[in-house]
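Data block below; observations after.
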Amino acid sequence: MSKYEHTEIETRWQQSWRQEQRFEIDDYPENPFYLLVMYPYPSGRIHMGHVRNYAIGDAIARFKRKQGYDVMHPMGWDAFGLPAENAAIERGIDPGEWTRSNIEEMKGQLDKLGFSYCWQREIATCDPDYYKWNQKIFLELYRHKLAYRDLTGVNWCPSCETVLANEQVQDDECWRCDSEVVEKNQHGWFFKTTDYAEELLADLDELRGWPSRVVEMQKNWIGQSIGAKIQFELSDLSEKLEVFTTRPDTLFGATYMAVSPEHPRVMEIVRGTDQEAAVKEFLKRVEKNSEKQTTEGIFTGRYAVNPVNNKQLPIYLADYVLADYGTGAIMAVPAHDDRDFEFASHHGIEIVEVIKQPDSSADADGLSSPYTGEGELINSAEFTGVHSEKAREQIVDLLEQQNRGEKAVKFRLRDWGVSRQRYWGTPIPIIYCDSCGTVPVPEEDLPVELPSDVDFQQSANILSSSREFVHTDCPECGEPAHRETDTMDTFVDSSWYYARYCTPFDENRPFDPDVVNFWLPVDQYIGGVEHACMHLLYSRFFHKVMRDFGWLDTDEPFVRLLTQGMVLLGGEKMSKSKGNVVDPEEMQQQYGADTVRLFTLFAAPPEKDLEWDESAVQGGHRFLKRIWNFFLDNREMLTGKQSSPDPDDIDGEAEKKLLKKSHETIKNVTHDLDTEYQFNTAIAACMELFNSMQENFSPDNRVVAWSFSVLLELLYPITPHIFCELAERLQYPQNPADSDWPQWSEDALQEEEIEIVIQVNGKVRDRMTVAVDLPREQLEQQALTQEKVQKYLKSEIKKIIVVPGKLVNIVV
RNA sequence: GCCGGGGUGGCGGAAUGGCAGACGCUACGGACUUAAAAUCCGUUGGGCCAUAAUGGCCCGUGAGGGUUCGAAUCCCUCUCCCGGCACCA
């Protein structure tokens, strides 16, 4: 009659869903499920990575709806960022217009793939109605002293002309443009993520629905180390030098102190010593060094005193000591630290062992390598003989009593630098006044909107070229003042967008707490693993901060997280520069959205990388065509038969087989989708069911029609268009978009007879079909008498193992 | 260097203590066709034996060892690949 016309079918159903506003959701439905996919940057075209992310999301959304959930599945746009600004610079296009037309384009592409979003909740972060609330949150952070301005060495990308967060620097290169990042001193705004370091770390344990990989990455990133701060008196000065160490147990082995050349107190330490001139020389030289060397260092001429044994320790400046970790100074224990050992050996400093190596053959002097493990203390006065782990606590206790040290926890995590010297971002709502200083913009003046009278051709900060924007009056004294011209990192936008979706039109606040508490946390979040340490950490930080503002009640934003793998072609990530990009829209036009979705979900489990393979795409298309042709061939027999046949009516062998297969498939697919979103195996099971329908096919098989309807229900979340179409053409009482997820019956899975494998010494030698409740003895007997088994039973039978319902293993 | 994940046919991948390779792709053979495409049917881990044919046997999940009646699956050692962190004291 008519072949499978995917374009026609898909267009028709997409229109129908849109007209019926089928996937919109109320603020307070009965059975909420919040499914969130990471919103895209509106570059203008969607790519395969998006398709994969959103195909997974949509299949889950549709599956959950069929299970009776009221699914909120919103979509929006991460609409601030550099490319819009570059388009303005290079082609003179207004960034706003550029962005909005990209959004239109991409929205059309997403719709053509049949994704079931509640578009009424759509947000775009470049909209003043959205970024107004970034500014409100910023002010609230400022009020709580969680936002501050500081002059620091920042990572500066000369090509993007902006400051980068630590997370955005990869191998000393800019994450965006790969140019080399340089260090530059600049004023910038920071959020105090470090205040939440402890909680961010501790609550990772609650995130059982997250991939352990991401949890590990965050743990690493936060980088907690537990140790102690210890104060060392400086000889001839009534000053102290504080260090941080994780190994206070090795304190007796400290033979020198090492201070970072960038330490603020360097000059104070060397002043008045005969090394002063040499040190200044050294500092000049070291400043230029980009590669740091462990052996690079110089004696300062000053000594510190070891608080536990009063030993004089020479203080060195050492290039290997980081200025911005711990206190910027360390106590060096060459016998038990690799770097200290290398430095000490090079500079001829004494090496004192204080931990016994468990398997050291001889305690010969002239240690060839440091021992960094645990063990019994030696050369440590009253602590000698104590195990290092215990000594750690005892020594800190002693220092605490003497007021010379205390327990301390340090984190690798730094505060989040949010200032960007760019135009296309959220303006930071701060005004600088000569007499009043730093003044927050009053809330009633929000949003501070981006001006349009800017000069995109100037190379410095574009925002500062707007007279209208920069010049303003101080909200406090009314005198002329100027605005902050930095804009916010776009990760600010994405740190709370999941909450905005709940009440996207709230004009009075970022979101309505009641609605947000009703929906949050997000039940399932899906996106790329590349956001493990940035977006996902910042969002967690924001969530906790907003909780402490009293805006919401929960501790974490995302209960379950799925990080999908990349889409590869020829084993490599698709990229324009490599020229190995497959355009999703072309694929969708050629094979149809259903085929693209089917392939994407079938070719690999969601979390693994997926190799794009066009012949496998064709394979997916062929499967849908086969189903379509089956419908054409058997239209009359299938029409209207959506309900399960009465099992008592079924007696033919083929009917029984197919009935059981159908129930089995429902069970397996339900299980695959419910627990782990294993679409690949779910689809495979459906293919098996379809194969079985053909194997057991006859025009009078009374199960076929029902099995076909089961197939249609089970695959609907993955390939919705074709199955809505088939359901309609077959005049099913219910369309799969409305019907409940099918149920299986355990009874139908029960069989009277089962096949048992017979092994001899663990090798399969035969199989037999027996009654399901055959007692063990008879099972053994029957196994032993099998002809094929007999010939392996020449020697004595030692043991027989019976696994009920599965196998008999005879050991000879 | 440290932490995590992994190694299964020609390929993507199934199987998490009980029949290895489900499902699909590719390739090959056949049917249909003037022909091709599409479609349909069959074969497809390696080796060997047998045959008119159904068949039968051995080996096989990165390597080696162990636990077990039985291991892709659990344990130990090694190796290679991928990801993250990396002078963090």
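Within every chain, numbering begins at 1; the chains are lettered A, B, ... in the order of the sequence lines, protein sequences first and strands thereafter. Computed from a predicted model, the values in this text were never measured in an experiment.
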Next on the checklist: Check this for me: does the side-chain of A/Asn809 come within 3.5 Å of the base of B/C69 through a donor and an acceptor?
Outcome noted: yes
Checklist entry - Mapping A/Phe244 and A/Val757 onto RNA chain B by nearest heavy atom, which one lands closer to the 5' end? => result A/Val757
Next on the checklist: Can you confirm whether A/Val764 sits close enough to A/Gln759 that some side-chain heavy atom of one is under 4.5 Å from a side-chain heavy atom of the other?
Outcome noted: yes
Checklist entry - Dot-bracket, RNA chain B: Watson-Crick or G-U, under 3.5 angstrom, [ ] crossing, | other strand? => result (((((((..(((.....[....))).(((((.......))))).(((((.....)))))..(((((..]....))))))))))))....
Next on the checklist: For a quick check of understanding: with a heavy-atom distance under 4.0 Å over all strands, which category does A/Gln759 fall into, base, sugar-phosphate or nothing?
Outcome noted: base
Checklist entry - Say you pick atom P in B/A20 and the same atom in B/C25; how far apart are they, in whole Å? => result 25 Å
Checklist entry - B/U61 and B/C19: how far apart are their P atoms, nearest whole angstrom? => result 15 Å
Checklist entry - Looking at A/Pro605 and A/Gln678, what are the two nearest heavy atoms and their distance? => result CB-OE1, 3.7 Å
Next on the checklist: Can you tell me if A/Arg213 touches the phosphate of B/C82, counting only side-chain N or O atoms and a distance under 4.0 Å to OP1 or OP2?
Outcome noted: no
Item to check | side chain to side chain donor-acceptor pair (under 3.5 Å) contacts in which one or both residues fall within residues 615-624 of chain A, not counting sequence neighbours | outcome: A/Tyr591-A/Gln618, A/Thr595-A/His621, A/Asp613-A/Ser615
Checklist entry - If you round to the nearest 0.5 Å, how far is CZ of A/Phe690 from CZ of A/Arg626? => result 5.0 Å
Next on the checklist: Just to verify, what does A/Asn306 make a side-chain contact (heavy atoms from CB on, under 4.5 Å) with, not counting sequence neighbours?
Outcome noted: A/Phe232, A/Leu251, A/Ala254, A/Val308, A/Asn309, A/Lys311, A/Leu313
Checklist entry - Do any side-chain nitrogens or oxygens of A/Tyr320 fall under 4.0 Å of OP1 or OP2 in B/A89? => result no
Checklist entry - In whole Å, what separates the C1' atom of B/A22 from that of B/U16? => result 16 Å
Checklist entry - Do you know which of A/Phe623, A/Tyr4, A/Phe723 makes ring pair (Phe, Tyr, Trp, His ring centres under 6.0 Å) with A/Trp628? => result A/Tyr4
Item to check | Which residues share a side-chain contact (heavy atoms from CB on, under 4.5 Å) with A/Val396, sequence neighbours left out | outcome: A/Ala228, A/Pro248, A/Glu400, A/Lys407
Next on the checklist: At 4.0 Å (heavy atoms only), tell me whether A/Asn691 reaches a base, stays on the sugar-phosphate, or touches nothing.
Outcome noted: sugar-phosphate
Next on the checklist: Check this for me, if you would: do A/Arg247 and A/Asp337 make a salt bridge, where the nitrogen-to-carboxylate-oxygen distance has to be below 4.0 angstrom?
Outcome noted: no
Next on the checklist: Can you see if the side chain of A/Arg622 gets near the phosphate of B/C25 - specifically, an N or O under 4.0 Å from OP1 or OP2?
Outcome noted: yes
Item to check | Earlier contact from the 5' end, RNA chain B, for A/Arg626 and A/Phe623 | outcome: A/Phe623
Next on the checklist: Within the 4.0 Å heavy-atom criterion, would you say A/Val803 contacts the bases, only the backbone, or no part of the nucleic acid?
Outcome noted: base
Checklist entry - Does B/G9 adopt a syn or an anti glycosidic conformation, taking syn as a chi angle within 90° of 0? => result syn
Next on the checklist: Looking at B/A89, I'd like to know if its phosphate oxygens (OP1 or OP2) sit under 4.0 Å from a side-chain N or O belonging to A/Lys410.
Outcome noted: no
Next on the checklist: Can you pull out the residues from residues 678-688 of chain A that lie within a 4.0 Å heavy-atom distance of RNA chain B?
Outcome noted: A/Asn680, A/Thr681, A/Ala684, A/Met687, A/Glu688
Checklist outcome for this item: The ring pair (Phe, Tyr, Trp, His ring centres under 6.0 Å) partners of A/Tyr316 (sequence neighbours excluded) come to A/Tyr256, A/Phe299, A/Phe343, A/His347
Checklist entry - Across the strands shown, which category fits A/Glu216 at heavy-atom distances under 4.0 angstrom: base, sugar-phosphate, nothing? => result sugar-phosphate
Item to check | side-chain N/O A/Lys625 vs B/U39 OP1/OP2, d < 4.0 Å | outcome: yes
Next on the checklist: Under 4.0 Å, heavy atoms only, any strand: does A/Asn629 hit a base, just the sugar-phosphate, or nothing?
Outcome noted: nothing
